[in-house]
2 protein chains.
Amino acid sequence: MRVVKEAEARRNEILDAADELFGQKGFDGTSTNDILEKVSIARGTLYYHFKSKEDIMNALIERYNTRILGTAKVIAADKSIPIIERIVRVVLSMNVSGGSENQIMEHIHKPQNALMHQKIQKIIINGVTPIMTEIIREGIAKGLFSTPFPYECMEMVVAYTNTVFDDDMVEMNNEERTSRIQAFVFNTERLLGAESGSLTDIMQMFGSENGGNNE
Amino acid sequence: MRVVKEAEARRNEILDAADELFGQKGFDGTSTNDILEKVSIARGTLYYHFKSKEDIMNALIERYNTRILGTAKVIAADKSIPIIERIVRVVLSMNVSGGSENQIMEHIHKPQNALMHQKIQKIIINGVTPIMTEIIREGIAKGLFSTPFPYECMEMVVAYTNTVFDDDMVEMNNEERTSRIQAFVFNTERLLGAESGSLTDIMQMFGSENGGNNE
DNA sequence: TTTCACCGACCGTCTGTCGGTCGGTATTAT
DNA sequence: ATAATACCGACCGACAGACGGTCGGTGAAA
């Protein structure tokens, strides 16, 4: 049957379907036919809205991009939140993505979606780092931190969390995870030249993020 | 024409061809036909030696694995080399891979080979980190370094260098690269609790690695 | 005569293309 | 105001081309 919609509405339908399918079966594992069936459109329609399958992925990433960085920016700019808490929240917003759709990132970390994962990681490293750095500079001004290389510091922190914590890159049981987080907090304090123990609050929130989402 | 060879010889021919082709055109961009033509064998022969295209990639990665970690282990175990120099050499061995085939890793860092890259990165992080950690412990015993978390420290260092320096993950011009290395050395010193400036030698060797290979 | 490396025709599935169709909307004539 | 017309954006589905993987069969060496 023939159903006509506005281009943007249709585009989003396709993206929503692709989002779910890529999450379940990976990019390579999802055929364009899978998407067609899910949206109930014909082949030509898909290629009317997107020029290729990879184009769909790029559009999806663009959506993630906007959401993730948008959320991070809002949090980072809210100077009413204490600096350290703001840092924690920005870090968390990278994984949970802020809103009701908290299963966005969960799918990404699978061996199947390597390319998508790589592209998102690139966006996070190059997008989140400057946002975090701004907070760090604030902290330096207030005497909380002390480093001549705030940007590179945060780049290291962001790159590390994104490879080791977000992935199946390093396999850990809960115990190893806990010690990894302890060490991470300690190391971050050293990198930032923060007083020992001043970031320990981070650990708790990290821990709860893993166990289960409470709001 | 029909040419018969020992299975292992043929396997290596196929791997060599795949290595070069994947490097040039990426994994997805290389068809099995490309490999067949290059090796001058028939379809069935390829699938006699490998059960799938991905199997070829995994065998390739296994080769890298052996070479990279093998080289790293040899260097790390040579206690005649001063600790800091050993660290530098291990880091370098990750990129140059030791021997005459120094173009192995160059191809990997392309958006096309995302899956292969991810798998190799996993091997490096989980394989090189313990090797490096051993050296660090030696350094701690000698009073050069001081950290309660040597493993997690090195994990951070290895993960960072592999994402930021080895990739097109972060685009940098030479100037940015230089400052990135300066900061990296500084940060690593902090992480390891090393005396400021004690690792500066690293910077020089890193610099030469980029410019051109001498020996 | 058994075994091992090899062959190449063939299959199903995939992505992407292309000529053509349909329905709503703006425009014009009545 | 209403009807005829022209237009265009959204949609369709048959099709082409290429790909990864299979299988029954072949030839040479052991």
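- For the OP1/OP2 pair of D:dC11 and a distance below 4.0 Å, the side-chain nitrogens and oxygens of A:Tyr48 include no atom meeting the criterion.
- Protein atom CD of B:Glu8 is 15 Å distant from nucleotide atom C1' of C:dC4, rounded to whole Å.
- For the pair A:Thr161 (side chain) and A:Val158 (backbone), a donor-acceptor distance under 3.5 Å is present.
- The line from CZ of A:Phe145 to CD1 of A:Ile135 is 9.0 Å long, rounded to the nearest 0.5 Å.
- Remark: A:Thr45 is in phosphate contact with D:dC12, judged by side-chain N or O atoms under 4.0 Å from OP1 or OP2.
- B:Arg43 and B:Thr32 form a side-chain donor-acceptor contact under 3.5 Å, judged by distance and modelled atom types alone.
- Between B:Phe184 and A:Phe149, the ring centre distance reaches or exceeds 6.0 Å.
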Report, one pair per line, the protein and nucleotides 11-18 of chain C atoms (nitrogen or oxygen only) whose separation is under 3.5 Å.
from	atom 1	to	atom 2	distance (Å)
C:dT15	OP1	A:Thr32	N	3.2
C:dT15	OP1	A:Lys53	NZ	3.1
C:dT15	OP2	A:Thr32	N	2.8
C:dT15	OP2	A:Thr32	OG1	2.6
C:dG16	OP2	A:Tyr47	OH	2.7
C:dG16	OP2	A:Lys53	N	2.8
C:dG16	N7	A:Arg43	NE	2.9
C:dG16	N7	A:Arg43	NH2	2.9
C:dG16	O6	A:Arg43	NE	2.7

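- Using a 4.0 Å cut-off between charged side-chain N and carboxylate O, B:Asp78 and B:Arg86 make no salt bridge.
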Identify each atom pair where a protein N or O and an N or O of nucleotides 19-25 of chain C are less than 3.5 Å apart, giving names and distance.
from	atom 1	to	atom 2	distance (Å)
C:dT21	O2	A:Arg2	NH2	3.4
C:dC22	O2	A:Arg2	NH2	3.0

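- The existence of a salt bridge linking A:Arg11 and A:Glu8 is excluded, since no basic side-chain nitrogen approaches an acidic carboxylate oxygen closer than 4.0 Å.
- Here the P atom of nucleotide C:dC7 and the CD1 atom of B:Ile14 are 10 Å apart, to the nearest Å.
- Using a 4.0 Å heavy-atom cutoff across all strands shown, A:Ile41 reaches sugar-phosphate atoms only and no base atom.
- Protein atom CD of A:Glu13 is 8 Å distant from nucleotide atom P of D:dC11, rounded to whole Å.
- Although no hydrogens or angles enter the test, the distance criterion places a donor-acceptor pair under 3.5 Å between the side chain of A:Asp55 and the main chain of A:Lys51.
- In this structure, CZ of B:Arg11 is placed 16 Å from C1' of C:dC4, rounded to the nearest angstrom.
- Residues that satisfy the salt bridge (Lys or Arg N to Asp or Glu O under 4.0 Å) test with B:Lys122, not counting sequence neighbours, are A:Glu171.
- Between the CD atom of B:Glu6 and the P atom of D:dA29 there is a distance of 13 Å, rounded to whole Å.
- Here the P atom of nucleotide C:dA9 and the CG atom of B:Leu36 are 13 Å apart, to the nearest Å.
- Salt-bridge check for B:Glu54 with B:Lys119: passed, with a basic side-chain N closer than 4.0 Å to an acidic carboxylate O.
- For the pair A:His49 and D:dG9, the criterion of a side-chain N or O lying under 4.0 Å from OP1 or OP2 is not met.
- Atom CZ in B:Arg10 sits roughly 15 Å away from atom P in D:dA28 (whole-Å rounding).
- In this structure, the CD atom of A:Glu37 is 13 Å from the P atom of D:dG13, given to the nearest Å.
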